[in-house]
Structure formats: C-alpha cells, structure tokens
Amino acid sequence: MMSYITSINIIEKYGECSIYSFDVFDTVITRTIAEPQGIFCLMQQYLMLNPKYKICNKELVRDFPAIRVSYEHYARQMRVKGQEEITLKNVYDYIGRAYNLSPELIACLEELEEVVEYQCSIPIRQTISDICKLIAMGKRVIFISDMYLSVKVIRKLLVKAEKMFASVPIYVSSEFNKTKSKGSLFQIVHEIENVEYHDWVHVGDNACSDQAIPQKLGIKTIPIHSETLSFFEKYLVRTLGRNVNCQIIVGASRLARNLNPNGHFMYQVGCNYGGPILTIYAEWLINQCQIRSISKLYFIARDGYILKQIVDKILMIRNVKLFTSYIYGSRKAWYIKKDDTERANLVRAYITQEVDLNDSNIAFVDSFGSGGSIESMADIVLDKQCMKWHAFFFKCGERNTPHLLKFDCAPFLDIWDNIELFCKAPEGPCIGYRKKDEKIEPVCSHSVGEQIKNFGFAEYENGVLVFLKYYLCNEFIGKYNYSGMDEVLYWYVKKINEFPDKCLRKFLQEYPRDERKKIKMLKISILERKFELKLKKIKNFVKVIEKKKEINLLK
C-alpha cells in the first residue's frame with residue numbers, strides 16, 4: 001500500500017512519460033563551495049603546499065584561479081565551426097603550451113581538478129530520492145549535462161551520490177560536442193533513445209538550457225530550485241574570491257539555506273551569520289589550543305553552549321584529542337563581596353568539582369567581556385596562588401587580570417557585546433549555586449531562558465548546526481587550518497555593524513536580553529549603531545593621543 005501511494009505521488013509530481021531526464025550539477029549533485037570557480041582556489045592550495053607540484057611554474061601557481069578561468073574562456077573562443085563544447089583536456093593543453101609544461105604535468109593538473117571536483121561533490125537528496133523511486137517503478141531515467149568533464153568523471157560523481165546510478169545512461173556535451181543550451185544535445189538524446197519530445201520530461205535548474213530550450217522542442221520541463229548567493233555573499237566572493245575559507249564558508253551557508261529555503265528568520269540568521277562567525281571562532285580556539293598546548297577547554301555558560309557543540313563536532317571529524325566541558329558561571333555568580341564567605345565557598349566548591357585544577361594547561365572560553373568575572377572567580381578559587389589560567393574571548397576589553405592570560409579572536413573588530421547574541425543558550429543566566437545531594441549545582445534564572453526559546457532559539461541553533469554539517473562536508477577542511485579566516489570574519493562583522501539585512505535587523509533589535517540590559521538596549525536602529533560606532537572611534541582616538549601624551553584631553 002505504501003509503495004502504491006509513493007508511486008502515485010511521484011507520477012503526480014513528474015507526470016506520466018516514456019523518459020525522464022535530469023540535469024546533473026545543482027539538480028542531482030552540487031558542490032560544497034560558493035561557486036564553481038572555487039574548485040580552482042582549492043587546487044591552488046594543493047599546488048602551493050603539495051611537494052608533488054613544486055615543479056610547476058611559480059607564476060602559474062600564484063595566479064592559478066585566474067589563469068584557469070582565462071584559459072577555459074580562451075578554449076571556448078578557439079572552437080572551430082560546428083564545435084559547441086570543449087573538454088578539460090583542451091583547457092590544460094592551452095595552459096601547458098603557455099607555461100611550457102610537460103605532458104606528464106599537464107595530465108597531472110587535469111587529474112587534480114577531477115580529484116578536487118570529486119572531493120567537493122555532495123548529493124541533493126530530494127532529487128536523488130525521486131529518481132530512485134522512478135527507477136524502482138521501472139521508468140526510463142537518463143542524465144544530461146552541459147559540462148567539459150568527461151562521462152567517466154561525471155559517472156564517478158553520480159555514483160558517489162547514489163550507487164544505483166552506475167548503470168543510468170549519461171549524455172554529456174563534452175562527449176557529443178553538442179549542448180543543451182543550443183538544443184542539439186536534446187536532439188541527440190531524441191535520436192539515440194528513440195523518444196518523442198512530447199513524451200519526455202526534463203528536470204533541471206537552469207532557466208535557459210533546462211527550461212526555455214527544451215520547451216521549444218516540446219519537452220515538458222520541471223524547474224528545480226537552486227539556492228543562489230545573497231548580495232552580501234556575492235560581494236564577499238568577489239572581494240575574497242581566492243580565499244579558500246571564504247569559498248567553503250559561503251558554500252556551507254548556501255547549502256544550509258537550500259535545505260530550508262523558506263525557513264524561520266532565526267534559521268536564516270543561524271546558517272547565514274551565526275554559523276560562519278561561531279565556526280571561525282571555534283577554528284581559532286582549536287588552533288590556539290594546539291599552539292599553546294591547552295589540554296582542557298571550559299566553556300562558560302551561556303555563551304559557550306553552541307560554541308562547545310561546534311568545537312566538539314570539529315574535533316570529532318578531525319580526530320583531535322581535546323577535553324571540553326560546559327560550566328555554569330556569570331558576573332552575578334562570580335562577582336562576590338569580600339565578606340560573603342558562604343557564596344565564595346559555593347563558588348570554590350563548584351569550580352573544584354567541575355574543573356581539573358591539577359592541570360595547568362586549561363583554558364576558559366567566553367564570547368565578550370573584560371575577563372573581570374573569570375578573574376573574580378579565579379581570585380576566589382586560587383586565593384593567593386601565583387598561577388595563571390588561559391582565557392579565550394571572541395573579543396575582550398582592557399582590564400588588569402593577574403590570574404588570566406587573555407587572548408581574543410578579533411581584537412581589531414568592533415562587534416561590541418552583540419557577539420553575545422550569537423552565542424546564547426536556551427536557558428537563563430546563572431545567578432549562583434546551591435548544594436544538593438553532596439553536589440554543587442548551578443541556580444539559573446528561567447524567565448529570560450523561556451523568552452529566548454519562544455523567540456525561536458531552536459530554529460537558530462538548527463541553522464547553525466546545519467551550516468556546520470555542510471562546512472564539515474568539505475574534505476579540504478582541516479588540512480590548512482585557520483589561515484585566511486580573519487579576512488572572512490572581518491566582512492561578516494562589517495555586515496552586522498553597518499548593513500544588516502531584514503532578518504539580521506530583527507534579530508539584533510528584538511532578541512531577548514537579560515533584564516539588566518533591557519532598558520539600555522531595548523531597540524537598536526541602524527542610525528544608532530552607526531552613531532555608536534563613531535563614538536567608539538572617537539574614544540579610541542582620544543586614548544591613542546593621551547597615551548602618546550601629545551595633548552591633554554579629558555575622557
């Protein structure tokens with residue numbers, strides 16, 4: 001009964017026809033990067049860092065992405081009359097001739113591109129599920145693609161996505177020298193498959209080659225939605241196009257949006273902004289731990305809630321050993337009057353219970369602040385011991401902290417405490433501790449936590465984690481670590497500060513904040529944010545002048 005219902009649904013969706021053809025790229029499979037040219041940025045990293053390619057011309061390696069794009073364009077210009085498509089070999093033959101490469105190295109570069117394409121290829125599950133159902137019903141299915149890659153390579157990409165596709169016919173423009181965009185590849189299929197145009201359904205994402213052209217021939221078409229880059233992402237890719245991390249991060253956001261294109265605005269904020277920013281911070285944290293030989297990371301509630309999840313997933317996929325723990329603390333819980341012995345004893349007991357004080361290679365993780373609350377806690381726990389703990393922040397302020405060695409991810413970026421909004425948890429702030437059944441447990445205020453949940457926190461968290469899933473899909477991730485991520489982070493912070501979109505404005509203005517901040521930060525308008533930015537710049541300018549003692553100004 002179940003299979004009957006499935007069959008009916010599929011026929012309703014695709015219609016009853018003799019043959020069903022599917023475009024390949026961005027219909028059945030897609031790439032984990034922002035744009036197809038991102039493949040060449042990844043290739044450049046291999047050329048720069050893999051000893052196998054040291055014999056390459058230095059100029060070729062330095063400008064490889066631009067050169068690869070240029071010579072594909074040149075190969076198309078050099079087509080003879082009647083030739084509609086080029087091959088990957090055509091492109092690399094021209095590059096080899098221009099840079100005096102040996103036939104062996106030309107073949108090596110061609111193979112590298114095929115390998116990177118394979119690494120970046122992932123399935124589009126919904127389309128693949130539909131194709132499998134059609135095949136199970138005994139329907140004729142074929143793939144048809146305008147692409148310079150060979151049939152053999154495209155077959156490998158399709159089989160990687162679904163093993164059932166090993167025997168499905170593939171029609172590729174590079175093999176037949178005919179294209180969908182001209183209509184001639186459809187004519188080839190018409191002749192070989194012996195199918196009438198009116199008895200044929202074609203599915204694809206391109207408005208011209210997958211819809212307008214086959215429709216002119218009388219083929220029924222079904223458009224596939226393919227998530228495009230936002231205006232900001234297009235600008236980012238144009239500005240940092242050769243930055244590998246930019247390609248991977250923007251690509252992950254695109255794929256996460258595609259999974260839920262009409263999602264809750266909090267989901268959109270999660271996959272478009274929260275995911276990228278917090279993942280860059282997480283990568284920085286892991287990098288810092290490796291540099292500074294940190295063995296244990298303690299994420300402080302509530303800002304550490306999502307951060308810990310991200311770090312744990314990255315560590316797991318890379319098989320890196322680093323202990324992580326989530327501990328409860330806050331300004332209210334850790335700033336204690338000197339004569340409040342009872343509360344101080346509870347803080348000391350809780351930290352001793354949760355933190356390995358015998359290990360000197362530990363670090364605490366927060367998002368924004370001066371480090372004052374951690375210093376206050378350390379002062380209680382360490383008393384007069386001459387010991388320093390590491391403390392990592394996305395951004396930290398200036399403050400004397402004798403017990404802390406402070407490091408921040410974005411010291412030169414002006415994101416203020418709004419970074420805390422991207423790090424929240426579905427719980428209220430910790431206001432203290434109590435003893436229960438021989439254990440010390442945190443006491444949290446639940447009112448703000450409920451507001452955060454009701455505002456759509458679960459959607460936001462899902463957006464962040466779906467982004468992370470696609471980010472970690474890229475086989476290139478982790479091979480070259482944190483390099484270049486600071487450039488990407490700069491533009492995301494600039495976007496938040498200076499030109500937030502509708503979803504981001506709603507998030508910044510209406511996200512539930514702690515009671516302490518409600519009056520001060522009830523509404524944030526774009527003009528107010530720009531004015532605040534100017535005031536901070538003036539204040540920093542005054543500080544610089546005062547330090548140089550060039551002029552005596554009142555703060």
Side-chain angles (χ1 to χ4, degrees), residues 266 269-270 273-289 294 297-312 314 324-335 363-378 389-399 401 404-430 444 448-449 452 457 460-461 463-465 467-468 482 485-486 488-490 492-493 495-497 504 507-508 511-514 516-517 521 524 536:
M266 286 285 279
V269 172
Y273 304 105
I277 290 169
L278 298 186
T279 298
I280 291 173
Y281 183 27
E283 290 280 20
W284 179 83
L285 286 170
I286 294 169
N287 191 48
Q288 287 295 307
C289 288
I294 300 298
L297 269 184
Y298 294 94
F299 293 83
I300 302 170
R302 295 167 288 165
D303 295 5
Y305 174 79
I306 291 183
L307 270 171
K308 183 181 182 302
Q309 292 183 64
I310 295 172
V311 168
D312 285 347
I314 295 173
T324 66
S325 182
Y326 185 64
I327 64 171
Y328 285 85
S330 68
R331 295 177 184 89
K332 193 163 187 177
W334 288 348
Y335 276 121
F364 294 89
V365 179
D366 205 346
S367 64
F368 173 83
S370 64
S373 58
I374 306 176
E375 174 65 26
S376 180
M377 176 271 287
W389 285 334
H390 288 77
F392 295 134
F393 297 83
F394 186 88
K395 185 173 178 65
C396 65
E398 296 178 8
R399 184 176 184 141
T401 52
L404 299 181
L405 292 169
K406 296 187 296 185
F407 304 93
D408 53 347
C409 174
F412 305 111
L413 298 183
D414 240 329
I415 197 168
W416 315 298
D417 59 348
N418 281 321
I419 185 60
E420 292 180 334
L421 296 184
F422 294 93
C423 301
K424 289 298 185 188
E427 56 193 3
C430 174
C444 297
V448 176
I452 289 172
F457 179 82
Y460 170 76
E461 183 179 13
V464 171
L465 296 179
F467 163 87
L468 183 64
Y482 188 72
M485 283 194 170
D486 50 348
V488 183
L489 183 60
Y490 167 81
Y492 275 98
V493 172
K495 169 73 173 175
I496 291 166
N497 285 345
L504 198 49
F507 175 79
L508 293 170
Y511 198 99
R513 299 172 184 258
D514 296 353
R516 180 177 66 82
K517 298 181 179 180
M521 306 188 78
I524 304 171
K536 285 185 76 66

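One is the number of the first residue; the rest follow in order along the sequence.
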Exercise. Step by step, work out the side-chain contact (heavy atoms from CB on, under 4.5 Å) result for Val311 and Val365.
Key: CA-CA 11 Å; Val311 168; Val365 179; over 6 Å; no
Quiz item: Taking all non-hydrogen atoms of both residues, which atom of Glu427 and which atom of Ile452 are closest, and how far apart?
Solution: O-CD1, 4.4 Å
Quiz prompt | Ile300 side, atom CD1; Trp334 side, atom CH2 - distance, nearest 0.5 Å | solution = 4.0 Å
Exercise. Could you pull out all residues at least two apart from Gln309 that satisfy side chain to side chain donor-acceptor pair (under 3.5 Å)?
Key: Glu461
Self-check item: For Tyr460 against Gly274, the heavy-atom pair lying closest together
Solution: OH-CA, 3.5 Å
Self-check item: Which atom of Arg399 lies closest to which atom of Lys406, heavy atoms considered
Solution: O-NZ, 3.1 Å
Self-check item: Nearest-0.5 Å distance, OH of residue Tyr335 to CD of residue Glu375
Solution: 9.0 Å
Exercise. Locate the shortest heavy-atom distance separating Gly275 from Val464; write the atom from each residue and the value.
Key: N-CG2, 3.8 Å
Quiz item: If every non-hydrogen atom of Ala282 is compared with every non-hydrogen atom of Ile314, which pair is closest and at what distance?
Solution: CB-CD1, 4.1 Å
Quiz item: Within a strict 4.5 Å, meaning less than it, do heavy atoms of the Cys423 and Phe368 side chains meet?
Solution: no
Exercise. With rounding to the nearest 0.5 Å, note down the distance linking CG in Asn287 to CE in Met485.
Key: 9.5 Å
Quiz item: About how many Å separate CG of Leu468 and CG of Leu278, when rounded to the nearest 0.5 Å?
Solution: 10.0 Å
Self-check item: side chain to side chain donor-acceptor pair (under 3.5 Å) partners of Lys308, counting only residues at least two apart
Solution: Asp312, Thr324
Practice problem: Of all the heavy-atom pairs spanning Gly428 and Cys444, show the shortest one and how long it is. | Solution: O-CB, 3.9 Å
Quiz item: Side-chain contact, heavy-atom cut-off 4.5 Å: Arg302 with Val448?
Solution: yes
Quiz item: Do the non-hydrogen side-chain atoms of Lys395 and Ile419 ever get within less than 4.5 Å of each other?
Solution: no
Self-check item: Option among Phe422, Phe457, Tyr273 that satisfies the ring pair (Phe, Tyr, Trp, His ring centres under 6.0 Å) test with Phe507
Solution: Phe422
Self-check item: Ring centre gap for Tyr326 and Phe299 strictly below 6.0 Å
Solution: no
Practice problem: With rounding to the nearest 0.5 Å, note down the distance linking OH in Tyr281 to OG in Ser367. | Solution: 7.0 Å
Quiz item: Can you check whether Phe393 reaches Ile374 side chain to side chain, under 4.5 Å on heavy atoms?
Solution: yes
Exercise. To the nearest 0.5 angstrom, please state how far the CD1 atom of Ile280 sits from the SG atom of Cys409.
Key: 8.0 Å
Quiz item: Mind checking what makes side-chain contact (heavy atoms from CB on, under 4.5 Å) contact with Ala410, not counting sequence neighbours?
Solution: Phe394, Leu413, Leu489
